[in-house]
Protein chains: 2
Amino acid sequence: MDGGEYTRDQHRSAGAAAGGEPQGRPRDARETRARILRAAGAVFAERGYEAATVRDIAARAGVNQALIFRYFGSKQALLTEVMAQDGKEQVSSTPPELLFETALRGVLAEGGGADADRLAVYLRSIGGADAAPETVRALGEEYAAALAALSEAEDGTLRAQLAMAWLLGIGLMRVVVRQEPLATADPDAICTHVLTALDRLLPVLPGAGPRPGAERGAGADSGAGEERPGVRP
Amino acid sequence: MDGGEYTRDQHRSAGAAAGGEPQGRPRDARETRARILRAAGAVFAERGYEAATVRDIAARAGVNQALIFRYFGSKQALLTEVMAQDGKEQVSSTPPELLFETALRGVLAEGGGADADRLAVYLRSIGGADAAPETVRALGEEYAAALAALSEAEDGTLRAQLAMAWLLGIGLMRVVVRQEPLATADPDAICTHVLTALDRLLPVLPGAGPRPGAERGAGADSGAGEERPGVRP
DNA sequence: TAGCGTTGTAAGCGTGTGCTTACACAAGGG
DNA sequence: CCCTTGTGTAAGCACACGCTTACAACGCTA
C-alpha cells in the first residue's frame with residue numbers, strides 16, 4: 001500500500017504545530033488519509049471498535065468527519081484498513097517456535113506503535129456483540145493457526161490454543177483490566193514464568209532458561225533482579 | 001428500598017403459561033421482576049453489557065420496557081442486580097486451593113445456569129470502554145484476590161494473576177471466540193493440561209494427576225471433579 | 001358503588017451514532 | 001474569464017439508544 005512518505009513536508013511545518021489545527025494546512029489527500037489512519041488506530045486501540053466513534057477519530061486526526069467516509073467509505077472499512085497495515089507479515093515471517101514468545105513480548109510491550117495497537121484493538125473488541133466483524137477476529141485466528149502447527153501430538157491444536165488463550169488473557173489483564181501487579185510487572189519475569197509453565201504443554205517452545213541459539217535483537221534482559229528459575233537446574 | 005415481600009403467590013398459576021405472552025397474565029410484580037431479572041441475565045450474557053439493550057431485555061421478558069425502569073431505575077442498576085444474585089458466595093466459600101479448579105470448571109461448564117451467566121457477562125463486557133462499570137469488574141477482582149492469597153512467594157500475587165489471566169483467556173476462547181477445538185474440548189482434558197502446566201507456577205494447587213516431573217501425555221485419565229487431591233499428599 | 005394505590009402500556013423526549021448531502025475553496029486548462 | 005477536478009467543510013438525515021411521561025387497566029378497601 002501507500003507506505004511511502006511524500007515530500008510535501010516542505011510546506012508543512014514538520015507537524016510541530018502540535019495540535020494539527022486546520023489552520024494553514026495545505027491540501028494533501030495523502031497526508032490526510034495517513035493522518036486519519038493513525039488516529040483511527042489509536043482510538044480503536046484505546047476504546048475498542050464499537051466504543052470508538054468516527055467523530056472521535058476525526059477530531060483526533062484534526063479533520064472533518066465526512067472525510068473519513070470519503071476516503072474509507074465506512075467505519076468498518078476503516079477498521080479493516082487499520083488492521084491490514086502491514087499486518088500478518090510478522091506472524092508469517094517468524095519461525096513458529098519463536099512466535100509465541102514474540103507475540104507474548106508484543107503483548108507485554110504495549111505502547112510500541114502500530115503493532116501493539118492492532119493487538120490492543122483485538123483485545124478490546126473481542127467481547128463486543130458481533131463487534132469486530134471479521135478483520136479483528138482474523139488476527140487471532142492467524143496466531144492460533146500458526147501456533148497450532150507447532151505440535152504434532154493428537155491434541156496439539158488444543159494445547160496450542162490453550163497457550164494462545166493464555167496470551168489473550170495476559171493481554172487483557174494488562175491492557176484493559178490493568179490489574180496490578182501484572183499490569184506493570186517486568187516483561188522478562190512474566191515471560192519466564194509463562195514459558196516455564198508452558199514447557200509442559202508445548203515442549204517445542206524455547207522454554208524459559210538460557211536461550212539455545214535463539215537471538216533476538218531486543219536484548220531486553222534489563223531486568224535487575226532476574227531470578228530466572230531455570231527449567232533445567 | 002421497597003424490599004416488598006408480598007405473598008401474592010396464591011393467585012399465581014405457577015407461571016407455567018410457557019409463552020410469556022401478555023394475554024391472560026395476571027398482575028404480579030414479583031413475577032415480573034423475576035422475569036426481567038432472568039431475561040436480563042440471559043441477554044447480558046449473550047451480548048455483553050453495552051451491546052445489550054433494555055428493549056431486547058424487555059422483549060425477551062415479555063414486558064414493557066418502561067417496567068424495567070420502574071423496577072430497577074436504570075440499565076446499570078439492573079446489571080448490578082443481575083451480578084449480585086447470590087454472587088460472591090462461591091468464591092468466599094471455596095477453599096483457595098480448590099478455587100482455581102472450581103472456577104476453571106465453571107468456565108468450562110458454560111450453560112450451567114445463572115452462575116455461568118455471570119461469568120459470561122464478565123467475559124463479554126471486559127473489552128468495553130468504561131463498559132461494565134464496577135459491578136462486573138468486581139467479580140474478576142474477587143477471584144484474583146482470592147487466588148493471589150495462595151502463594152506467599154514474593155511474586156506470588158503475580159503468579160496468581162497469571163493463572164487468573166489464563167482462566168480468563170480460556171473462557172474468552174470458549175464462550176466468545178468459540179474457536180475449535182478448544183470450544184468443545186473435554187473439560188477434563190483441558191483441566192488436566194492447565195493444572196499440569198500451572199504446577200510450576202503455583203505448586204500449591206492440586207496439580208493434575210500424579211505428581212512427578214515430566215509426566216504427561218496420558219492426560220485425560222484423571223477423573224472428573226472427583227479426585228480432590230490433597231494439597232499435600 | 002366510588003375511591004385509591006399498584007401494575008402495565010403507548011408514545012415520545014433528548015441525545016448520540018454512522019453516514020449523506022450540498023456547498024465553499026483551491027488549482028489547472030480552455 | 002469560466003469550467004472542471006480534487007480537497008475540505010457545515011449541516012443534517014434516519015435511526016437506535018436510555019429514559020420519561022401521561023394514561024389505562026386492575027385489585028383492593030370502604
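Here is the naming used below: chain letters follow the sequence lines, and residue numbers restart at 1 for every chain.
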Look only at the side chain of [X] and the backbone of [Y], and say whether a donor-acceptor pair between them is shorter than 3.5 Å.
{"X": "Arg60(B)", "Y": "Ala39(B)", "result": "no"}
{"X": "Asp28(B)", "Y": "Glu31(B)", "result": "yes"}
{"X": "Gln65(A)", "Y": "Ala58(A)", "result": "no"}
{"X": "Arg124(A)", "Y": "Val121(A)", "result": "no"}
{"X": "Arg178(A)", "Y": "Ala183(A)", "result": "no"}

Nucleotide nearest Asn64(B) (side chain, heavy atoms from C-beta), chosen from dC19(D), dG8(D), dT9(C):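 Per side-chain heavy atoms of Asn64(B), the pick is dT9(C).
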
Nearest-neighbour nucleotide for the Ser74(B) side chain, dT20(D), dC19(D), dG8(D) considered: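 The answer is dC19(D).
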
Any Phe100(B) side-chain heavy atom under 4.5 Å of Val194(B) side chain: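 Yes, close enough: below the 4.5 Å cut-off.
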
Thr184(A) to Arg174(A) - nearest heavy-atom pair and separation: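 Of all heavy-atom pairs spanning Thr184(A) and Arg174(A), the closest is C-NH2, 3.8 Å.
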
Taking every non-hydrogen atom, the tightest pair across Val54(B) and Ile68(B):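 Closest approach of Val54(B) to Ile68(B): O-CD1, 3.6 Å.
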
Pick out the pairs of N or O atoms, protein on one side and nucleotides 3-5 of chain D on the other, that lie under 3.5 Å.
none

Bending between helix ends of the helix from dT1(C)-dA30(D) to dG30(C)-dC1(D) [5 pairs per end, 10° resolution]: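 Computed from the C1' atoms at both ends, the axes differ by 40°.
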
With sequence neighbours excluded, residues passing side chain to side chain donor-acceptor pair (under 3.5 Å) with Ser74(B):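 Checked Ser74(B) against side chain to side chain donor-acceptor pair (under 3.5 Å); zero matches.
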
Touch class at under 4.0 angstrom, heavy-atom based, for Ala66(A) against every strand present: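 It contacts base atoms.
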
Take the protein atom [atom1] of [X] and the nucleotide atom [atom2] of [N], then report the distance between them rounded to whole Å.
{"X": "Ile68(B)", "N": "dG18(D)", "atom1": "CD1", "atom2": "P", "value": "9 Å"}
{"X": "Ile36(B)", "N": "dT9(C)", "atom1": "CD1", "atom2": "P", "value": "10 Å"}
{"X": "Phe72(B)", "N": "dG18(D)", "atom1": "CZ", "atom2": "C1'", "value": "16 Å"}
{"X": "Gln65(B)", "N": "dT21(D)", "atom1": "CD", "atom2": "C1'", "value": "12 Å"}
{"X": "Leu67(A)", "N": "dG6(D)", "atom1": "CG", "atom2": "C1'", "value": "12 Å"}
{"X": "Glu31(A)", "N": "dG8(D)", "atom1": "CD", "atom2": "C1'", "value": "15 Å"}
{"X": "Ile57(A)", "N": "dC19(C)", "atom1": "CD1", "atom2": "C1'", "value": "14 Å"}
{"X": "Phe69(B)", "N": "dG12(C)", "atom1": "CZ", "atom2": "P", "value": "18 Å"}

Approximate separation, where rounding is to 0.5 Å, of Ile126(B) CD1 and Leu172(B) CG: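 Atom-to-atom, Ile126(B):CD1 and Leu172(B):CG are 7.0 Å apart.
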
Test: Arg47(B) and Asp56(B) ion pair at under 4.0 Å: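 Answer for the salt bridge query: yes.
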
Presence of Thr32(B) side-chain N/O under 4.0 Å of dG8(C) phosphate oxygens OP1/OP2: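 For Thr32(B), the contact criterion (side-chain N or O under 4.0 Å from OP1 or OP2 of dG8(C)) is met.
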
Any Tyr71(A) side-chain N or O less than 4.0 Å from OP1/OP2 of dG8(D):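 For Tyr71(A), the contact criterion (side-chain N or O under 4.0 Å from OP1 or OP2 of dG8(D)) is met.
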
Under 4.0 Å protein heavy-atom contacts per nucleotide of nucleotides 22-28 of chain C, with B for base, S for backbone only and - for none: ---B---

Cation over ring face, Lys75(B) and Tyr49(B), 6.0 Å, 45°: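 Cation-pi check for Lys75(B) and Tyr49(B): passes.
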
Check: protein-nucleotides 14-17 of chain C nitrogen or oxygen pairs below 3.5 Å:
none

Ring pair (Phe, Tyr, Trp, His ring centres under 6.0 Å): pairs with one or both residues in residues 164-187 of chain A, sequence neighbours excluded: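 Qualifying pairs: Trp166(A)-Trp166(B).
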
Worked check of salt bridge (charged side-chain N to carboxylate O under 4.0 Å, His left out) between Asp188(B) and Arg105(B): CA-CA 8 Å; Asp188(B) 287 328; Arg105(B) 292 199 176 268; 2.8 Å; yes

